[in-house]
Novice: 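Next up is a structure, given as structure tokens.
Counting from 1, the numbers follow the sequence of the chain as shown. Side chains included, hydrogens not; waters and symmetry mates left out as well; all remaining heavy atoms used.
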Amino acid sequence: MDTAIWVIIAIVVVAVLLVLLVLIMRQRQQHRRAKAQDIRQNATQHVPEAREREAIAEESEARARQAKAEADAKAAEAKRLGEHARTHQEHAAESRHKVDSELARADEVDPDVGRDGTRRRTVDDPTGDQPPRHGHGTDQGYDPRQTQNDRPGQDPGGVSDSPRDRIPPEGR
């Protein structure tokens, strides 16, 4: 009988240990449920803050898209203005070339301008040896609006007071 008592005591001890183990497991699960509930409550308190940050992020993204669109529009405008400027520069260069050609032609026709491009002395102009008006002489930065007028009766802008001094441009 000794063995039977020891078997019964072992079974009772094992049963008590199983009951204790089950109780400990349930307590642990209950504690984990409570902790999870606390975490959820804490998280729900932060939901408005998270939504606010999302709204701010969406607003920032919208501003970034708008700024990019404005930058693209400005880049397109800059490109258009650059092309416009290039066109005007080309026209200005063509105009300058035409003016220079006309002035060179005038120097070729003018009997007071020598082959070397300098003005010869005349009775009306005792200074002589001046660079021609078309800019092929020493003054390459010639501006026809700022030339000295050789003929009396003309204003410095090149407009003549007398109709006989007006020479129509040829070839236009």
Novice: What residues, two or more places apart in sequence or in another chain, satisfy side-chain contact (heavy atoms from CB on, under 4.5 Å) together with E61?
Specialist: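 Only R65 meet the side-chain contact (heavy atoms from CB on, under 4.5 Å) criterion with E61.
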
Novice: Can E49 and R53 be counted as an ion pair, charged N to O under 4.0 angstrom?
Specialist: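 Salt bridge flag = yes for R53 with E49.
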
Novice: Distance from R63 atom CZ to I56 atom CD1, nearest 0.5 Å?
Specialist: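 Answer for the CZ-CD1 pair, R63 versus I56, is 9.0 Å.
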
Novice: Quick check on side-chain contact (heavy atoms from CB on, under 4.5 Å): which of I8, V13, V7, V14 does I11 satisfy it with?
Specialist: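 It is V7, the one option of I8, V13, V7, V14 that forms the side-chain contact (heavy atoms from CB on, under 4.5 Å) with I11.
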
Novice: If you count the non-hydrogen atoms of other residues, nucleotides and ligands that lie under 6.0 Å from CD in E52, is the total more than 12?
Specialist: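 Counting neighbours around CD of E52, 12 or fewer heavy atoms of other residues, nucleotides or ligands fall under 6.0 Å, so no.
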
Novice: Test: side-chain hydrogen bond (donor to acceptor under 3.5 Å, both in side chains). Region: residues 29-43. Which pairs qualify, not counting sequence neighbours?
Specialist: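 Found none.
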
Novice: Quick check for you: to the nearest 0.5 Å, what is the distance between H84 atom NE2 and E77 atom CD?
Specialist: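 Reported to 0.5 Å precision, the distance equals 10.0 Å.
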
Novice: Look at E94 together with K98 and state whether they make a salt bridge at an N to O cut-off of under 4.0 Å.
Specialist: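 Between K98 and E94 there is no salt bridge, as every charged N stays at least 4.0 Å from the carboxylate O atoms.
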
Novice: Could you state the interatomic distance from CD1 (I39) to OG1 (T44), rounded to the nearest 0.5 Å?
Specialist: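 If I round to the nearest 0.5 Å, the distance is 12.0 Å.
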
Novice: With sequence neighbours excluded, what pairs up with V16 under the side-chain contact (heavy atoms from CB on, under 4.5 Å) test?
Specialist: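 Listed in chain order: V12, L20.
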
Novice: Answer yes or no: is there an ion pair linking E108 with R105, defined by an N-O contact shorter than 4.0 Å?
Specialist: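 Looking at E108 and R105, the cut-off is not met.
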
Novice: To the nearest 0.5 Å, how far apart are CZ in R28 and CG in L21?
Specialist: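 That separation rounds to 10.5 Å.
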
